[in-house]
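Each chain gets a letter, A, B and so on, in the order the sequences are listed, and its residues count up from 1.
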There are 2 protein chains.
Amino acid sequence: MTIEHYILAVISTRPCTGYDIKQEFEHPGAGMYWGISFGSIYPKLKKLESEGLIETLHHEETGRGKKVYDLTSKGWRELQKWLKESPQPPILKDELLIKVSFWNHVMLEDREGVIPHLLKRKKETEETLAYYTNWPKNGVSTISEFGMYTIQYVQKKLQAELEWIDETIEAVKGPAKPPAQDPSNLIDKKKERIKKALELEKSDES
Amino acid sequence: MTIEHYILAVISTRPCTGYDIKQEFEHPGAGMYWGISFGSIYPKLKKLESEGLIETLHHEETGRGKKVYDLTSKGWRELQKWLKESPQPPILKDELLIKVSFWNHVMLEDREGVIPHLLKRKKETEETLAYYTNWPKNGVSTISEFGMYTIQYVQKKLQAELEWIDETIEAVKGPAKPPAQDPSNLIDKKKERIKKALELEKSDES
DNA sequence: TGCGACATGTAAAAAGTTACATGATTAG
DNA sequence: CTAATCATGTAACTTTTTACATGTCGCA
């Protein structure tokens, strides 16, 4: 994902400042927004202006000089070109999934230790879902027909996540299950590896 | 997400080489895996070894010297500690969502131009879903009880995505809808902004 | 009058990718 | 015998974050 194009897209909805663009990226993340620092935004705005894709509409003389940018005709065309290009595959990194996935490889005697992680995510996901549900009714934001479709996607995805969290908490509270598949018996071997490593440590200490 | 901890987690399932670790990251992305280059992996392995978190089990003398790493007792403890820490919020960047979201801000006369993007994603998502469905039955991979929970999450999420894609294609093929919310009339203003920018361009050319 | 939000910017550091260099092993 | 896969590593480059520096405006 090229930040440059995302900045152009944000400006396409209305002329705005670097600070405004940062605000757009503050929305709790569900694929549409993620954090970008001022240290990224301001240099990019300078670059985009020097390339003639955006221009300064107003430049206040007071203070540090608030600058409102808008797209140039070149900027509109670049944005149209980018929108038509096939989107990159999504980038997803979810530490919760990784921790759950590796949990009983490592935390042998502590099945239920993941549950606090799942409950915390449940709360966060409920909050994000509430945010996206209220967004189109807040009386302030502009949400186009197509913007509404992406909100529907986010809602669907978050609801699926909440269902999964509840199911998984129940499953973890229940009895341990055998591995879904382990043709090389790696899970048994791993138990021995842990045991051996911890025994070595004890003999080192003595 | 700290790559270091992910590398420790991968090694926890079995002793492995840098090359093996890279393979683990090749699985089509659904939150559990993403691309990491050799240029990241090998320096990290050196760093982890110098910190005493992993050790070289075998070091072949032939060729470039294949090195098989395993966790040390310090490494096992570090991994346990990390697993217990609350996971970071997920990182999500989906260009498709952004392009859909901004589409009719910019592509005024071309509602159906997004459909190819949606169909392409549909195909990719179906492939990823098929991959995750077959993974626990491939007779080769180790999938623990908890690993299976994360596979269930990915399946749920991808199914929700497929449903959304179908619904959205139908909606886009149907008649245009008014904005879900636009209190400042930004969408009408935007049409004027585009028109003005393109007219300026014409007068520049003449 | 003092705090929080508004507002811009830079330099150094961190993190990761790309491109390159090298060579062994294995399956057809 | 040759192409693909296995296998390690470095240097230069790119991208982005962090930390800092600076100052205004509105409101309680």
Do any N or O atoms of the protein come closer than 3.5 Å to N or O atoms of nucleotides 4-6 of chain D, and which pairs are they?
{"residue": "dC6(D)", "atom": "OP2", "partner": "Tyr19(B)", "partner atom": "OH", "Å": "3.1"}

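- With Ser101(B) contributing its side chain and Ile98(B) its backbone, the two residues share no donor-acceptor pair below 3.5 Å.
- The backbone N or O of Gly52(B) sits less than 3.5 Å from a side-chain atom of Thr72(B), completing a donor-acceptor pair.
- Here Gly39(A) lies in heavy-atom contact (under 4.0 Å) with a base.
- Closest to the side chain of Tyr42(B), from the set dG16(C), dT17(D), dG9(D), is dG9(D).
- If you measure from atom CG of Leu45(A) to atom P of dG9(C), you get 8 Å, rounded to the nearest angstrom.
- Distances from the side chain of Lys67(A) to the nucleotides dT8(C), dT17(C), dT16(D) place dT8(C) closest.
- Put simply, Lys46(A) has a side-chain N or O that comes within less than 4.0 Å of OP1 or OP2 on dT10(C).
- Between the side chain of Ser184(B) and the backbone N or O of Leu186(B) there is no donor-acceptor pair closer than 3.5 Å.
- Across dG16(C), dG9(C), dT10(C), the shortest atom-to-atom separation from the side chain of Tyr69(A) is found for dG9(C).
- Between Ser37(B) and the phosphate of dT17(C), there is a side-chain N or O to OP1/OP2 separation shorter than 4.0 Å.
- Distance alone, capped at 3.5 Å, is enough to place a donor-acceptor pair between the Gln181(A) side chain and the Asn138(B) backbone.
- If you take NZ of Lys47(A) and P of dT14(D), they are 11 Å apart, rounded to a whole angstrom.
- Here the options are Asp70(A), Leu45(A), Ile7(A), the test is side-chain contact (heavy atoms from CB on, under 4.5 Å), and the partner is Ile54(A); only Leu45(A) passes.
- Rounded to whole angstrom, the span from the CD atom of Glu4(A) across to the C1' atom of dT15(D) amounts to 10 Å.
- Of the side-chain N and O atoms in Lys44(A), none sit less than 4.0 angstrom from OP1 or OP2 of dT15(D).
- A ring-centre distance under 6.0 Å is not found for Trp82(A) and Phe102(B).
- What separates CZ of Phe38(A) from C1' of dG23(D) is a distance of 14 Å, to the nearest Å.
- A donor-acceptor contact shorter than 3.5 Å is absent between the side chain of Lys189(A) and the backbone of Arg14(B).
- The separation between His58(B) atom NE2 and dT8(D) atom P is 13 Å, rounded to whole Å.
- For Lys93(A) and dT16(D), the NZ to P distance is 12 Å, given to the nearest whole Å.
- When rounded to the nearest whole Å, the span between CD1 of Ile41(B) and P of dT10(D) equals 14 Å.
- Across dG9(C), dT10(D), dA7(D), the shortest atom-to-atom separation from the side chain of Thr17(B) is found for dA7(D).
- Between Gln88(A) atom CD and dT15(D) atom P the separation is 14 Å, expressed in whole Å.
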